[in-house]
Engineer: 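Sharing a structure, written as structure tokens. Questions coming.
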Protein chains: 2
Amino acid sequence: MVTQVEVAKKAGVSFITVYRVLNNKGYVKKETREKVLKTVKALNYYPNHIGQALRKKKVNTIGIVIPEPPNVPVHGMEYYNMLMQGVDRFAIMHNYDILLSTYKQNDPKADYYRLYFQRKVDGLILFIPDMRCLDMNQIVKKKIPCVIIGERPIDHHISYIDSENFDGMYRVTEYLISRGVKKIAFIMGKPYMRNTIDRVNGFLKAMEKNGLPVPDYYIIKGDYTIISGITAMKKIILYKELPEAIICSNDHMAMGVLSEAKKAKIRIPEDMSLVGFDDINIAALIDPPLSTVRQPLFDMGFKASEILFKKIENPLHDCEIKVFPVELVLRKSII
Amino acid sequence: MVTQVEVAKKAGVSFITVYRVLNNKGYVKKETREKVLKTVKALNYYPNHIGQALRKKKVNTIGIVIPEPPNVPVHGMEYYNMLMQGVDRFAIMHNYDILLSTYKQNDPKADYYRLYFQRKVDGLILFIPDMRCLDMNQIVKKKIPCVIIGERPIDHHISYIDSENFDGMYRVTEYLISRGVKKIAFIMGKPYMRNTIDRVNGFLKAMEKNGLPVPDYYIIKGDYTIISGITAMKKIILYKELPEAIICSNDHMAMGVLSEAKKAKIRIPEDMSLVGFDDINIAALIDPPLSTVRQPLFDMGFKASEILFKKIENPLHDCEIKVFPVELVLRKSII
DNA sequence: CTGAAAGCGCTAACAC
DNA sequence: GTGTTAGCGCTTTCAG
């Protein structure tokens, strides 16, 4: 392995000079500097990150904690990728790398903080953590630099990023109503997730405000997977009367509904309007293109990265909370 | 930060005893062992990975090198995710973590090996690297533990994983021919990629073997993006006569073709059959569901991880090459 | 302008 | 059974 010392030997100087040249610290004679740089190139020397890290107590690495890919039914991998892009972009700009850590969903033994305690990372970004299993006290007690995306811890000493789930559903429901739609069914996501609650409440609020009744059987359970959309639609088809619209808590379930509707020769949007949430890439490509609510995922990831970065560089930095606005994306699945 | 020494102090032993307990090395009295374990728990001590790494010259981390997500037109993020799942599964089983590194496509200055030279990782898996910019001599000269997925270096001292691209296209073409289809157009991927060449050759071989002519204008350029599928289809529509089938080098382009076909009121499969490659998740969900060729992506990632692991644990381990068979997935887009 | 020496947390060879 | 000591590659303080 090529070390400072080796470079120094070859260049006929002491290792400290090598250090100074590479870190622009202290004065080094021009010729010496050039000689050093030449040997660095010649030997293909890279500063050993482990040595640096041990000394500086900083590894310049961010940990992203994410459910195991096979169990990513929540919004699909695409959702996570978009967030990750944002995180990565900011991280690269500030010389951080990204370490990936997956955990099994609903596993009470999942060790969300391992990478931090091991000092493999300087801080963590948790993507939609399973709040039933996450011990959030640790974050505060152990002062773990940490940002949560997609959930909202009650503890006000924890930074998080989310989007206006309530508002998005509220607005898209209002839009449907403005188009004359009255009988609207709603398919929910996993019941223990905060965004599930917010989304259904946004829907209910809009209905209530417009004096529209929502019978119990118009609120159908789901779990964010395509298959749960299919199941829900099967149930709905059995109703005496089709709703005029179905709003789904995410795009995946809307796709399940759509495929089941096609089987049953129910035309979208002629017979029934359909709405999703998230605006995953496929949403624009299916037939008919899906109306949905877009979250600024890239920006959310980017911001999370930024907050975490500040916290790492300055542990006294206050925790930050940022809730991003969402955007209605109206496509042909709505009359 | 909690260190071995602190644990030792609290437990009233020397740090080496702590080390022994945690690593099951040498003999430690039962009572001492228990006392140590208790303090480890009490203090929430985790061995500092950086200290270990410096000493053992091993970071237990695998680097995955991947094009920047925004520029992942090749097969879409989904493709990479599936590979990643496989890599991750094996890695976790052997106590490795995964560090992500992105590079800009077609950037001659992209530093593919940085993470390794910095000792942030013990080895690298390159996902479909841009062979125009990759200096492969380095892998051999610097003995970088490395596995390439989706490309085939000519140098026989480099491990790689790929799938039977030629065979897949050959078989799917033969299948079409067996269904009575004769006039088949083919949309190519990026010209500098090995799998592009293999796929088009598989197609040509099947056509040739069956004595079917392929006029030049039936081989259309593309670059694996949806948009290039759209462009290609626009061109095809202008032909005097529609081909009886279009085979695309990947599913994304097939989706582009499909959406353009719908606009032009060309029915799939009644007016024209359509075939993709990869079997990304959406393929089964679009209308009509897309016939395609599936690569065992998870297994490919898993195997890559395994080969890399062997190479890291034993640098003398021979390089390995594994080409996975593919599977025809016949759906309704074919007559 | 350049260098010597100490120490980050851990492991491993060697004493007691 | 338990402890001492040296050293991994780097940074930093203090000398010259």
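These numbers come from the heavy atoms of this one structure, side chains and all, not from hydrogens, waters or symmetry mates. Chain letters run A, B, ... following the sequence lines, proteins first, then strands; residues in each count from 1.
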Engineer: Do the side-chain N or O atoms of A/Thr32 get closer than 4.0 angstrom to the phosphate oxygens (OP1, OP2) of C/dC1?
Structural biologist: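 False: A/Thr32 side-chain N/O out of range (4.0 Å or more) of C/dC1 OP1/OP2.
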Engineer: Could you give all pairs that pass the salt bridge (Lys or Arg N to Asp or Glu O under 4.0 Å) test and reach residues 5-16 of chain B, with sequence neighbours left out?
Structural biologist: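 Qualifying pairs, neighbours excluded: none.
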Engineer: Applying salt bridge (charged side-chain N to carboxylate O under 4.0 Å, His left out), can you list everything that pairs with B/Asp122, at least two apart in sequence or on another chain?
Structural biologist: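 B/Asp122 satisfies salt bridge (charged side-chain N to carboxylate O under 4.0 Å, His left out) with no other residue.
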Engineer: At what angle, to 10 degrees, do the two end axes of the helix from C/dC1-D/dG16 to C/dC16-D/dG1 meet, given five pairs define each axis?
Structural biologist: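 Between the first-five-pair axis and the last-five-pair axis there is 40°.
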Engineer: The criterion is side-chain contact (heavy atoms from CB on, under 4.5 Å); which residues satisfy it with B/Ala91, sequence neighbours excluded?
Structural biologist: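 Applying side-chain contact (heavy atoms from CB on, under 4.5 Å) to B/Ala91 gives B/Ile62, B/Tyr96, B/Ile98, B/Ser305.
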Engineer: Under the salt bridge (Lys or Arg N to Asp or Glu O under 4.0 Å) rule, what pairs show up with a residue in residues 132-150 of chain B, not counting sequence neighbours?
Structural biologist: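 Non-adjacent pairs meeting salt bridge (Lys or Arg N to Asp or Glu O under 4.0 Å): B/Asp130-B/Arg132.
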Engineer: With sequence neighbours excluded, tell me which residues meet side-chain hydrogen bond (donor to acceptor under 3.5 Å, both in side chains) with A/Arg152.
Structural biologist: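 With neighbours one apart ignored, the set is A/Asp162.
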Engineer: Does B/Thr17 make a side-chain N or O approach to OP1 or OP2 of D/dG3 shorter than 4.0 Å?
Structural biologist: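 Checking D/dG3 against B/Thr17, a side-chain N or O does come within under 4.0 Å of OP1 or OP2.
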Engineer: Summarise protein proximity over nucleotides 8-16 of chain C in one line of letters, 5' to 3': B for base, S for sugar-phosphate only, - for none, counting protein heavy atoms closer than 4.0 Å.
Structural biologist: BBBBB----
Engineer: If I take atom CD in residue A/Glu6 and atom P in nucleotide D/dC8, what distance separates them, rounded to the nearest angstrom?
Structural biologist: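 Interatomic distance, CD of A/Glu6 to P of D/dC8: 11 Å.
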Engineer: So, A/Asn195 versus A/Tyr224: side-chain donor-acceptor pair below 3.5 Å or not?
Structural biologist: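 Yes, side-chain donor-acceptor contact under 3.5 Å.
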Engineer: Under the salt bridge (Lys or Arg N to Asp or Glu O under 4.0 Å) rule, what pairs show up with a residue in residues 21-48 of chain A, not counting sequence neighbours?
Structural biologist: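 Checked against salt bridge (Lys or Arg N to Asp or Glu O under 4.0 Å) - neighbours excluded - no pair reaches residues 21-48 of chain A.
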Engineer: Listing request: all salt bridge (Lys or Arg N to Asp or Glu O under 4.0 Å) pairs with a residue in residues 110-119 of chain A, at least two apart in sequence or in separate chains.
Structural biologist: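 Those involving residues 110-119 of chain A are A/Arg114-B/Asp97.
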Engineer: Just to verify, what does B/Thr39 make a side-chain hydrogen bond (donor to acceptor under 3.5 Å, both in side chains) with, not counting sequence neighbours?
Structural biologist: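 Per chain and number, B/Thr39 pairs via side-chain hydrogen bond (donor to acceptor under 3.5 Å, both in side chains) with no residue.
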Engineer: For residues 111-123 of chain A, which residues have at least one heavy atom under 4.0 Å from DNA chain C?
Structural biologist: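 By residue number: none to list.
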Engineer: Using side-chain contact (heavy atoms from CB on, under 4.5 Å) as the criterion, list what pairs up with A/Asp318, not counting sequence neighbours.
Structural biologist: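 Not a single residue meets the side-chain contact (heavy atoms from CB on, under 4.5 Å) criterion with A/Asp318.
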